[in-house]
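Because only heavy atoms are used, hydrogens play no part in the values below, and waters and symmetry mates are left out as well, while side chains stay in. Because the structure is predicted, anything quoted here is derived from the model rather than measured.
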Amino acid sequence: MAAFLRSKCSSVGRTLMGGVGNNLYGGINSSAQTVTRPSHCDAISQQIRTFIQMRTNLKVVDNSGAKRVMCIQSLRGKKGARLGDMIIGSVKEAQPRGKVKKGDVVYGVVVRAAMKKGRSDGSEVQFDDNAIVIVNNKGELIGTRVFGPVPHELRKKKHLKILALAEHIV
């Protein structure tokens, strides 16, 4: 699970900071890497990542008891959800004694998305997986911990409690 930042303006070759297998945070399995590439990279070799839409499976990265959620509806618009957007989902896998059970319909905030998101400084952020944090219909967190890296774009979407509980902010 890695977050990739890419600069559009750079024409330098590939620079990889934080090598393969280099664990910066001890026992934590997540790592953030910065990759600088030319802006005219080969589009055929890259997988096309799209919005989080209906029937997308998402990983749950809090301790609410759910492991995997399938998106039922995006509350953003017709295309789908991006970082920081709310979705409605159905719990497909859950831990035995968690707060939510398999089959429950829950609200969630997207905290990691495989689709690239541009930043104002010209860089882009992209994650390896799609992940959410489960909230109630008022937007309050169900769990008490958030695992893995979380982008700072959640600050603009007013999800400050998620940022406060996150292990790493990318």
Full working for side chain to side chain contact (heavy atoms under 4.5 Å, CB included) between Val91 and Val105 | CA-CA 7 Å; Val91 177; Val105 176; over 6 Å; no
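- Atom-to-atom distance recorded for Arg55:CZ and Cys71:SG is 11.0 Å, nearest 0.5 angstrom.
- In the hydrophobic clustering of ILVMFWY residues, with side-chain heavy atoms under 4.5 Å counting as a link, Met54 and Ile52 come out apart.
- Panel note: side chain Arg112, backbone Ile132; no donor-acceptor pair is recorded below 3.5 Å.
- Lys157 meets the side chain to side chain contact (heavy atoms under 4.5 Å, CB included) test with Asp85, His159; sequence neighbours excluded.
- At a threshold of 4.5 Å between non-hydrogen side-chain atoms, the residues Arg82 and Arg76 count as touching.
- Among pairs with a residue in residues 145-156, those fulfilling side chain to side chain donor-acceptor pair (under 3.5 Å) read Arg119-Glu153, at least two apart in sequence or across chains.
- Through side-chain heavy atoms spaced under 4.5 Å, either directly or across other Ile, Leu, Val, Met, Phe, Trp or Tyr residues, Phe51 is tied to Met115.
- Listed by chain and residue number, nothing satisfies the side chain to side chain contact (heavy atoms under 4.5 Å, CB included) test with Lys78 (two or more places apart in sequence, or in another chain).
- Asn137 is linked by a side-chain hydrogen bond (donor to acceptor under 3.5 Å, both in side chains) to nothing, counting only residues two or more places apart in sequence or in another chain.
- Among residues two or more places apart in sequence or in another chain, the side-chain hydrogen bond (donor to acceptor under 3.5 Å, both in side chains) test is passed with Thr144 by Asn63.
- Identified under the salt bridge (Lys or Arg N to Asp or Glu O under 4.0 Å) test for residues 60-75, with sequence neighbours left out: Arg68-Glu93.
- Remark: Leu75 pairs with Gln73, Met86, Ile88, Tyr107 by the side chain to side chain contact (heavy atoms under 4.5 Å, CB included) rule, at least two apart or across chains.
- Listed by chain and residue number, Val133, Val135, Lys161, Ile162, Leu165 satisfy the side chain to side chain contact (heavy atoms under 4.5 Å, CB included) test with Leu141 (two or more places apart in sequence, or in another chain).
- No side-chain donor-acceptor contact under 3.5 Å links Asp129 to the backbone of Ala131.
- Residues Val110 and Ile87 form a side-chain contact, since some pair of their non-hydrogen atoms from C-beta on lies under 4.5 Å apart.
- Hydrophobic clustering (side-chain heavy atoms under 4.5 Å, transitive across Ile, Leu, Val, Met, Phe, Trp, Tyr) groups Leu163 together with Val61.
- Glu167 places no side-chain N or O within 3.5 Å of a backbone atom of Phe147 that could act as its donor or acceptor partner.
- For residues 95-107, there are no salt bridge (Lys or Arg N to Asp or Glu O under 4.0 Å) pairs, not counting sequence neighbours.
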